Amino acid sequence: MKTVLTILFINCFALSMFSQTYIDNITIVDVQNNKLIPNQTVVLEDDIIADIQSKGSLKIPFGGTVVDGTGKYLIPGFTDSHVHFFQSGGLYTRPDVLDFRNIHSYEKETDWVKENMEDFLLRYMQMGITSVVDVGATYNFLKMRDTFTSKNIFPNIHMTGPLLTPYVPEAYKNLGNDMPFKLVQSIEDAIKMVREQLPFRPDFIKIWYLVDPDNVEDSARNYQPIVKAIIEEAHRNNLKVAVHAIERIVAQLAVESGADYLVHGVEDEVASDEFINLLKAKDIILSPTLVVVEGYNDTFLRANNFSYHDLTNSNPTAIGSLSDLKHIKDTIYVNEIKQWVNTPSSIAREARFDSLRTINLKRMSDAGVDIVAGTDAGNLGTQHASSFLNELKAMKKSGLTNWQILKSATINSAKLFDNQNSLGSVSIGKKADLVLLNGNPIENLEHLNNISSVVHNGTFIDPKILIKETPLNLVKRQLNAYNARNLEAFLEPYANDVELYIFPDKLVSKGKEKMRKDYLDDFKNQSVHCEVKERIVQGNVIIDKESVFGVEDKTLESTAIYHIENDRIKKVYFILND
């Protein structure tokens, strides 16, 4: 990583040699006034937007750094307002939901996510996400947060400590500073647990307001005094409070107790005008997190339908682990989970919840409640960074306009920590956290994924060089795409003139187009799946012992030797086992 960081700093600071940078002839996406403002010159001075003028209205001094904005769109940097860095998005991240600790220990999973936090942060920045809000972390991650705050290639990080809750799953007990939950069963506990977090300097506090599903209102009211005590103690220490609330009465009691931020949408009833007016009167901010439930259900059903975007932008280890469910030996346990999710009652229940989430999101947004985009990334099947665009598209399906969606990802998110006067729009005097897009996001949200440059604290960053390609990641990505039966994502890591051999020297295919034709039938087969049994990594050579299931109703055993050149898979040698 030192090599890529060195390259990044050279590129980033190349545009900082002069104190002023001029983004010339750009179209500003004005999220505050719902309009596009073409032909503008935006002046950045250090990390601040110093001036905005119509093109030609000001003279650019000799030696000033000029960035040509012709045909581009300038939008504020995005915020994912609901992530969890202690979770990977992979199969082993929620042992309280899917318990595979017998084959992959939770300690191993915890170590892996800590080692890969930097990778996750770079992927967020690559997506134009210049701020992330971790709504439930650990003390160890609060310590790690501080190691990333001084580098402009990483987004701003806002983070809670462990979630305060009436229930701690058994799988998360006795983990020391890696515990993501703290048990709070009394007012004394409430005050104690808030104070315990203070030395770690959390940016806010999170409550996991869980209730008895068979007695929702009574259990919610019984716990309310404790919720109120947590909120009051947090506010005494100038900390806002986020509350997990998916039932209307739970959300209502949280708001009445002084909560600042509701995470997840109401999914048990259509929100009444009275409830919506309460949210508005209390200036509540709400993050609906629409895609996270789909991530769980698709994983349980072994039906993850990953797009090209998902497969090429997610951490390949995290997203790849989800396909392990197809070859885990404990088939009884795996099949029980699939059958439970696939029962008519479960399908009907989830369809109802999904409908209510989308109905309520539309009603609240149209009524003027501040909605912020948040993915709940890190949960099973919801990938860090790449899931953000999926969340925005889900908001679109709920009936929100592109302007409402862009507000949720920019100016509304800035309100979470009262930063709306310094972040969240392209305005004079605000921080230069910006994204230069190659297409108009009001025409199509897909243009949010077509990024020319990211600007963070006034520093220009080329998103294409943020993530260093490694031979191992290239091989993992093509394997993930093979198992997802996504032909274009499968071919992407290969060189245009790739050569495939039967070991030692029998050339059987040359070029991507020949590969496309040869693999087309495999990708039509819904049961095909490849499992790596053993792997050897030696520099630019990766050797995989593979089992391929579902081809002509038999299992094919082979060894693949991948040769990587110039950040692409250039040659593959197959050793076929009889």
Side-chain angles (χ1 to χ4, degrees), residues 1-8 85 88-93 104 108-109 111-127 153-154 304 306-324 377-378 381-387 449 451 461-496 498 500 512 515 530-546 559-573:
M1 186 56 69
K2 288 183 179 179
T3 301
V4 72
L5 291 182
T6 301
I7 294 170
L8 284 169
F85 284 113
S88 67
L91 187 64
Y92 309 105
T93 202
H104 185 97
K108 183 177 180 180
E109 176 73 3
D111 289 343
W112 188 89
V113 292
K114 284 187 283 194
E115 290 168 4
N116 283 273
M117 184 178 177
E118 179 173 308
D119 178 82
F120 292 149
L121 289 169
L122 292 174
R123 291 181 189 277
Y124 279 109
M125 190 65 79
Q126 187 179 49
M127 295 286 103
I153 58 170
F154 301 123
N304 300 98
F306 296 123
S307 68
Y308 180 91
H309 168 79
D310 298 323
L311 293 164
T312 56
N313 290 289
S314 302
N315 179 286
T317 301
I319 196 170
S321 70
L322 297 170
S323 68
D324 289 0
T382 304
Q383 301 306 302
H384 284 286
S386 62
S387 64
N449 195 35
I451 297 174
I461 300 167
D462 180 353
K464 292 186 289 294
I465 66 170
L466 276 171
I467 306 298
K468 179 176 173 53
E469 289 284 21
T470 66
L472 181 56
N473 278 352
L474 288 168
V475 171
K476 285 182 176 180
R477 283 205 282 115
Q478 61 87 37
L479 174 66
N480 294 342
Y482 183 88
N483 286 334
R485 293 175 296 282
N486 189 307
L487 185 56
E488 295 308 313
F490 171 70
L491 292 171
E492 189 271 337
Y494 286 89
N496 288 330
V498 60
L500 306 185
K512 267 190 183 181
M515 276 189 73
C530 179
E531 177 187 359
V532 175
K533 298 287 191 178
E534 296 179 43
R535 172 171 281 155
I536 298 173
V537 180
Q538 289 191 330
N540 287 339
V541 177
I542 311 293
I543 305 171
D544 282 354
K545 184 178 180 181
E546 302 174 344
T559 300
I561 306 170
Y562 300 91
H563 288 249
I564 287 80
E565 296 179 17
N566 299 319
D567 294 333
R568 284 292 176 265
I569 301 171
K570 183 64 181 293
K571 295 179 181 179
V572 187
Y573 295 86

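Everything quoted here is computed from the prediction, not taken from an experiment.
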Just verifying a value: how many Å separate [X] [atom1] and [Y] [atom2], rounded to the nearest 0.5 Å?
X	Y	atom1	atom2	value
Leu472	Arg477	CG	CZ	11.5 Å
Ile561	Lys545	CD1	NZ	13.5 Å
Asn483	Asn304	CG	CG	11.0 Å
Ile319	Gln383	CD1	CD	4.5 Å
Tyr494	Leu474	OH	CG	10.0 Å
Glu531	Glu546	CD	CD	10.5 Å

Any [X] side-chain heavy atom under 4.5 Å of [Y] side chain:
X	Y	value
Asn449	Met127	yes
Glu534	Ile536	no
Tyr562	Leu479	no
Lys108	Asp111	no
Ser386	Arg123	no
Met515	Leu500	yes
His384	Asn116	no
Ile542	Lys476	no

Does the [X] side chain pair with the main chain of [Y], one donor and one acceptor, at a distance under 3.5 Å?
X	Y	answer
Ser88	Val113	no
Asn313	His309	yes
Asp544	Val532	no
Asp462	Lys464	yes

Shortest non-hydrogen contact from [X] toward [Y]:
X	Y	value
Gly320	Asn480	CA-OD1, 3.1 Å
Leu322	Gly381	CD1-CA, 3.8 Å
Ala489	Ala481	C-CB, 3.5 Å
Asn486	Phe306	ND2-O, 3.6 Å
Lys512	Leu491	CE-O, 3.0 Å
Thr93	Gly90	CG2-O, 3.4 Å

Ring geometry between Tyr92 and His104 (parallel below 30°, tilted from 30 to 60°, perpendicular above 60°): parallel
Whether Phe85 and Phe120 hold their rings parallel, tilted or perpendicular, with breakpoints at 30° and 60°: parallel
Stepwise side chain to side chain contact (heavy atoms under 4.5 Å, CB included) check, Ile153 with Met125: CA-CA 7 Å; Ile153 58 170; Met125 190 65 79; 5.7 Å; no
Between Glu492 and Tyr308: side-chain donor-acceptor atoms closer than 3.5 Å: no
